[in-house]
Amino acid sequence: MAIPLAKLLISAMAVFMLVSASFATSEMPFMVVHKKATLNRLKSGAERVLVSFNIYNEGSATAYDVTLMDNTWDKKKFEVVNGNTSRTWERLDAGGILLSHSFELEAKVKGLFYGAPALVTFRIPTKAPLQKAYSTPLLPLDILADIPPTDLLALVNRVLAKYGSLVSVISMVVLFVYLIATPSKPNAAKAGSKKKR
């Protein structure tokens, strides 16, 4: 009884290994999508956001009908200035080949913005449904934030305006303690002459 059961387990393990090996060697694309945003303050006071994408196919097969869609930018808060928020390519070959796309937005509203990942869809010839991949999310963007002045004079003025009264009070207290704690020089000279007599 133990021998037929052992043969059954061994044959089941062999079939499982063959099936899993066939899945492991199957050719599939593997998309790596990097999303990056850069803030640029204009002299007019407006702020623009440059959004760029790098798409890599790190898999072993070609991806077809690659479509990038980034619909995370609210039209009430941002206006597209250059480019499009979506783009389509015919194919992306395997082996780390790079596709790039970028667009520029102008911010309308001040505040903190959290960008969600963009969606990339692609087709594999052996599978009917579209495959999905997501980009990296953005770090929070502080849109139209108050930028502190960078020149030294403006920095000194800002620090003095903020801490000037505190510094003056502390310096007066230290000066008062110093005057009380140290004897005056003429009294010290008189005390020395009295001791000599």
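Values below: all heavy atoms of this structure, side chains included; hydrogens, waters and symmetry mates excluded.
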*Classify the side-chain pair S86/N84 by whether it contains a donor and acceptor separated by less than 3.5 Å.*
no
*May I ask whether F122 and L130 are part of the same hydrophobic cluster, defined by side-chain heavy atoms of I, L, V, M, F, W, Y residues being less than 4.5 angstrom apart, directly or through others?*
no
*Between P140 and Y114, what is the shortest heavy-atom contact and its length?*
CG-CE2, 3.3 Å
*Search all heavy atoms of R87 against all heavy atoms of S100 and return the closest pair with its distance.*
NH1-O, 3.7 Å
*Relative to the ring of F113, is the ring of W73 parallel (under 30°), tilted (30 to 60°) or perpendicular (over 60°)?*
parallel
*Checking N57 side chain against F30 main chain: does a donor-acceptor pair fall under 3.5 Å?*
yes
_Would you say CG of L139 has more than 12 non-hydrogen atoms from neighbouring residues, nucleotides or ligands within 6.0 angstrom?_
no
*Examine distances only and state if a side-chain atom of T136 and a backbone atom of K35 form a donor-acceptor pair shorter than 3.5 Å.*
yes
*Does K108 reach the main-chain N or O of K75 with its side chain, forming a donor-acceptor pair under 3.5 Å?*
yes
*asked:* As a quick check of understanding, evaluate side chain to side chain contact (heavy atoms under 4.5 Å, CB included) for L39 and V49, giving each step before the final call.
replied: CA-CA 5 Å; L39 297 175; V49 182; 3.6 Å; yes
_If I compare all heavy atoms of L50 with all of S102, which pair ends up nearest, and what's the gap?_
CD1-CB, 4.4 Å
_If you apply the rule side chain to side chain contact (heavy atoms under 4.5 Å, CB included), what do you find for R48 with L42, and how did you get there?_
CA-CA 7 Å; R48 290 198 175 174; L42 302 176; 3.7 Å; yes
*asked:* For A116 versus D70, what's the shortest heavy-atom pair and its separation?
replied: O-OD1, 4.5 Å
*H101 vs F53 aromatic rings, parallel, tilted or perpendicular, using cut-offs 30° and 60°?*
parallel
*From CA spacing to verdict: side chain to side chain contact (heavy atoms under 4.5 Å, CB included), I143, K77*: CA-CA 10 Å; I143 306 293; K77 296 181 181 180; over 6 Å; no
